[in-house]
Each structure stands twice: as structure tokens, then as C-alpha cells.
Amino acid sequence: MNGISSKKNQVQSWDKVIAKGATGAKLKMMWQRMPDMAILDNYYDLFFINGKAEQQYPEFQPGERVRLRFVNAAAASYFWLTFGGEDPLLVSADGLDVVPVKKNKTLIGVAETYDFIVTIPDNGKLEIRATSQDGSGQASAYLGTGEILQAPIVPKPDLIKQMKEMMSMGMKMGAPAAKFNPSKNDSIKKK
């Protein structure tokens, strides 16, 4: 796991833990034999949309409404979809029509599909960005021509903050938690 965290630049070193006031949370995780926080346990150096890290679709005309289907064909990665320009209209989830809703930031899980209707802008090309949930990479598609209307950037998650929040909830995980610190809420009880 440390090799993957290092490649993703997500190592939770002691200097970072101390700077964020998370020493207690880190020690608690170590006591419970839990590894450093991670959103995804895999590493990829590139992400693709239809086979490329960047796709251009200049054939769409300004003002044209286009229905787009997104399929997460990854084996283990979730992605945040964000759109430049106006918020797109979400119209279908996993093949079922839904009450249409304007939604610019959508998390798409493995094997999920979503259909959106977008309007090609009059003043440029629309960027659609798929960002890995752990912030380790992204891929973009551009619809139309002209200046790019950039999709919002999803910030990298703060893993140390998430670790601190998880440990502050009194979470007990793993064998040491059950064996050495049982409580009435645990599934394993002392006899």
C-alpha cells in the first residue's frame, strides 16, 4: 500500500499528521492495525474516455442539445463527472429514466451509467472532466469548438482530515478493537 500511496503522492507522513493535529487519530489507527487512509487501493498513471486521456468532438454545433451516456467501465475506480458551461440535465441512471435534475458534479461508480443532456455553448467548447475519486488523475472530453469552458476541478480529498474524523467517531475496527476493547455495541463480546 505504501508504494501505491507514494505513486499517488498521498503518503500520510508524521510531519503532515502532526501539522494537522491528527497524532491521536494516527496512533489509534496504528493500534487497531489499520493502514493509512486510502480511497482506492489501486494506481493508474492514465485515465481514458473512449480510449484517450483527452477526446475532441468538434462536430457539435453551438446551441445543439446532445444526450450523452457515461459508462464507468473501470474495474475498481469511481469518478467525479463535472461539466463546463451550464449545468447539464441528468435524465437517466442505470438505464432508467429519472425525474430530470440539473446536476454538475456526479460520482459514477463501477459499472454505473448516467445519461445527461448538455447544450453546446455559443461561445466555446464544453469540457467534461472525469476525475478519479481519490484525485490521482483525470480525463477530459471537449464538445464543440472555440475557447474552452472548463469543467470545475474537484479538489483532492484530505485523507488525514478524513482519518481524524473517522477516529473521532469512536470507530473500532479489526481484531485488536474487538479483542482488547469490546463494548456493548461490538459484535464480539467477552465471555
Side-chain angles (χ1 to χ4, degrees), residues 3-12 16 19-20 37-162 165:
I4 292 172
S5 295
S6 179
K7 287 180 181 179
K8 292 181 177 188
N9 195 23
Q10 295 178 345
V11 174
Q12 295 151 44
K16 292 177 185 176
K20 293 192 176 202
M37 288 289 297
I39 292 174
L40 299 172
D41 292 338
N42 48 29
Y43 170 76
Y44 303 103
D45 55 352
L46 284 174
F47 296 97
F48 299 113
I49 294 175
N50 291 337
K52 294 182 182 176
E54 183 177 299
Q55 285 283 359
Q56 300 284 338
Y57 299 98
E59 63 272 13
F60 295 110
Q61 300 302 311
E64 186 177 353
R65 287 177 44 115
V66 181
R67 183 174 180 147
L68 304 170
R69 175 162 292 154
F70 296 89
V71 178
N72 184 351
S77 300
Y78 282 48
F79 293 92
W80 287 109
L81 294 176
T82 55
F83 299 77
E86 295 178 17
D87 288 348
L89 193 62
L90 174 64
V91 295
S92 177
D94 291 328
L96 300 174
D97 290 340
V98 298
V99 174
V101 61
K102 287 190 178 246
K103 186 157 180 63
N104 193 328
K105 183 181 174 188
T106 302
L107 184 63
I108 181 169
V110 174
E112 288 184 333
T113 63
Y114 289 103
D115 289 11
F116 289 90
I117 295 176
V118 299
T119 302
I120 306 303
D122 291 330
N123 57 347
K125 61 182 165 183
L126 173 76
E127 178 186 20
I128 301 168
R129 183 180 294 144
T131 304
S132 177
Q133 185 184 17
D134 68 354
S136 64
Q138 58 94 33
S140 291
Y142 299 92
L143 283 63
T145 58
E147 293 292 316
I148 297 172
L149 278 81
Q150 290 188 326
I153 295 171
V154 177
K156 283 188 174 186
D158 185 338
L159 298 176
I160 294 174
K161 179 182 174 191
Q162 289 180 0
E165 289 171 354

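Everything quoted here is computed from the prediction, not taken from an experiment.
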- Task: Working to the nearest 0.5 Å, report the span between CG of D115 and CZ of R67.
- Result: 4.0 Å
- Item | Flag side-chain contact, heavy atom, 4.5 Å: F79 against I49 | no
- State, to 0.1 Å, how close P88 and V118 come at their nearest heavy-atom pair, and which atoms those are. CB-CG1, 3.7 Å
- How many angstroms lie between atom CG of L149 and atom CD1 of I128, to the nearest 0.5 angstrom? 11.5 Å
- Message: For a 4.5 angstrom cut-off between non-hydrogen side-chain atoms, does I153 reach R129?
- Response: yes
- Message: Atom CD of residue position E86 - does it have more than 12 heavy atoms of other residues, nucleotides or ligands inside 6.0 Å?
- Response: no
- Item | Spacing of T145 atom OG1 and E59 atom CD [to the nearest 0.5 Å] | 10.5 Å
- Item | For the student: nearest non-hydrogen atoms of S77 and F47, plus distance | OG-CE2, 4.3 Å
- Query: In Å and rounded to the nearest 0.5 Å, what is the CG to OG1 distance from D87 to T82?
  - Reply: 10.5 Å
- Looking at side-chain heavy atoms only, is the closest gap between Y57 and V66 below 4.5 Å? no
- Task: For F70 and T106, run side chain to side chain contact (heavy atoms under 4.5 Å, CB included): C-alpha distance rounded to whole Å, both residues' side-chain angles, the deciding distance at 0.1 Å, then the answer.
- Result: CA-CA 11 Å; F70 296 89; T106 302; over 6 Å; no
- Item | Closest heavy-atom pair and its distance - A74, V110 | O-CG1, 3.2 Å
- Counting distance only, does the side-chain N/O of E127 pair as donor-acceptor with the main-chain N or O of A151 below 3.5 Å? yes
- Query: Under the 3.5 angstrom rule, does the side chain of D97 hit a backbone N or O of S92 as a donor-acceptor pair?
  - Reply: no
- Note on the structure: Tested for side-chain contact (heavy atoms from CB on, under 4.5 Å) against Y114, the lone hit among V98, L90, L107 is L90
- Are Y78 and I108 close enough, and set up right, to give a side chain to side chain contact (heavy atoms under 4.5 Å, CB included), and what steps lead you there? CA-CA 6 Å; Y78 282 48; I108 181 169; over 6 Å; no
- Approximate separation, where rounding is to 0.5 Å, of E54 CD and Y142 OH: 4.5 Å
- Minimum heavy-atom separation for P152 to G84, with atom names? CD-N, 4.5 Å
- What pair of heavy atoms forms the shortest contact from G51 to Q55, and how long is it? N-NE2, 4.3 Å
- Taken to the nearest 0.5 Å, the spacing of S140 OG from L126 CG works out to 10.5 Å
- Which heavy atom in P100 sits nearest to a heavy atom in V91, and how many Å separate them? CB-CG1, 4.3 Å
